[in-house]
Novice: 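Provided herewith is a single structure, encoded as structure tokens, for subsequent inquiry.
Position 1 is the first residue of the sequence; numbering continues from there. What you are looking at is a predicted structure, and each value in this text was computed from that prediction instead of being measured.
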Amino acid sequence: DKCNPLLKRILQIIVKIIIVSFSIIMFNDSLSLIMKQLSFGQLSASLGIPMWIPYFSLPLTFIGIAVVQGISVLVLAFGKDINKQNSGEK
């Protein structure tokens, strides 16, 4: 709140780019985990389902985070300032 709006926007963009990068790395790593589970053919002890099914939630989650944060970066970088629109300034 103490920094100027431009610096705040730049810092928000940097943080979101770091989040997108981390999510893409985790997406790739979780895909390799699923490939290992597919090759091992391990089953859940209690349900008897293949373990790749519950592990599939990991890449879905991380790609979802990457997409949402990527869109957020684009809105911050190229969108109009929402605060100025709400306050009536131009």
Novice: Applying the 4.5 Å side-chain criterion to the ILVMFWY set and letting contacts propagate, would Leu38 and Leu58 be lumped into a single cluster?
Specialist: yes
Novice: With hydrophobic residues grouped by side-chain heavy-atom distances under 4.5 Å, do Val67 and Ile17 end up in a single group?
Specialist: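 No, no single cluster joins them.
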Novice: Please lay out, stage by stage, how Val68 and Ile71 fare under the test side chain to side chain contact (heavy atoms under 4.5 Å, CB included).
Specialist: CA-CA 5 Å; Val68 169; Ile71 291 170; 5.9 Å; no
Novice: Locate the shortest heavy-atom distance separating Asn4 from Leu7; write the atom from each residue and the value.
Specialist: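 Between these two residues, the closest heavy atoms are OD1-N, 2.7 Å.
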Novice: Among the clusters formed by ILVMFWY side chains lying less than 4.5 Å apart, do Ile19 and Leu11 turn up in the same one?
Specialist: no
Novice: Rounded to the nearest 0.5 Å, how far apart are CD1 of Ile65 and OG of Ser72?
Specialist: 13.0 Å
Novice: Shared ILVMFWY cluster between Ile53 and Met35, side chains joined below 4.5 angstrom?
Specialist: yes
Novice: Which pairs of donor and acceptor atoms, one on a side chain in residues 40-47, lie under 3.5 Å apart (sequence neighbours left out)?
Specialist:
from  : atom 1 : to    : atom 2 : distance (Å)
Ser44 : OG     : Leu47 : N      : 3.4

Novice: To which residues is Phe78 joined in a hydrophobic cluster, defined by side-chain heavy-atom contacts under 4.5 Å among Ile, Leu, Val, Met, Phe, Trp and Tyr, whether direct or through other members?
Specialist: Leu74
Novice: In Å and rounded to the nearest 0.5 Å, what is the CE to CD1 distance from Met51 to Ile34?
Specialist: 11.0 Å
Novice: If you link I, L, V, M, F, W and Y whenever their side-chain heavy atoms are under 4.5 Å apart, who else ends up in the same group as Val20?
Specialist: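 Other cluster members: Ile24.
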Novice: Within the distance-only criterion (no hydrogens, no angle test), does the side chain of Arg9 pair as donor or acceptor with the backbone N or O of Leu76 below 3.5 angstrom?
Specialist: yes
Novice: Give me each pair satisfying side-chain hydrogen bond (donor to acceptor under 3.5 Å, both in side chains) with a member in residues 19-37, each pair once, sequence neighbours excluded.
Specialist: none
Novice: With sequence neighbours excluded, tell me which residues meet side chain to side chain contact (heavy atoms under 4.5 Å, CB included) with Leu31.
Specialist: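 For Leu31, the residues satisfying side chain to side chain contact (heavy atoms under 4.5 Å, CB included) (neighbours in sequence not counted) are Phe27, Pro59.
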Novice: Using the test side chain to side chain contact (heavy atoms under 4.5 Å, CB included), find all partners of Ile18 that sit at least two apart in sequence or belong to another chain.
Specialist: Ile14
Novice: Please list all pairs passing the side-chain hydrogen bond (donor to acceptor under 3.5 Å, both in side chains) test where one or both residues lie in residues 48-70, with sequence neighbours left out.
Specialist: Lys16-Gln69
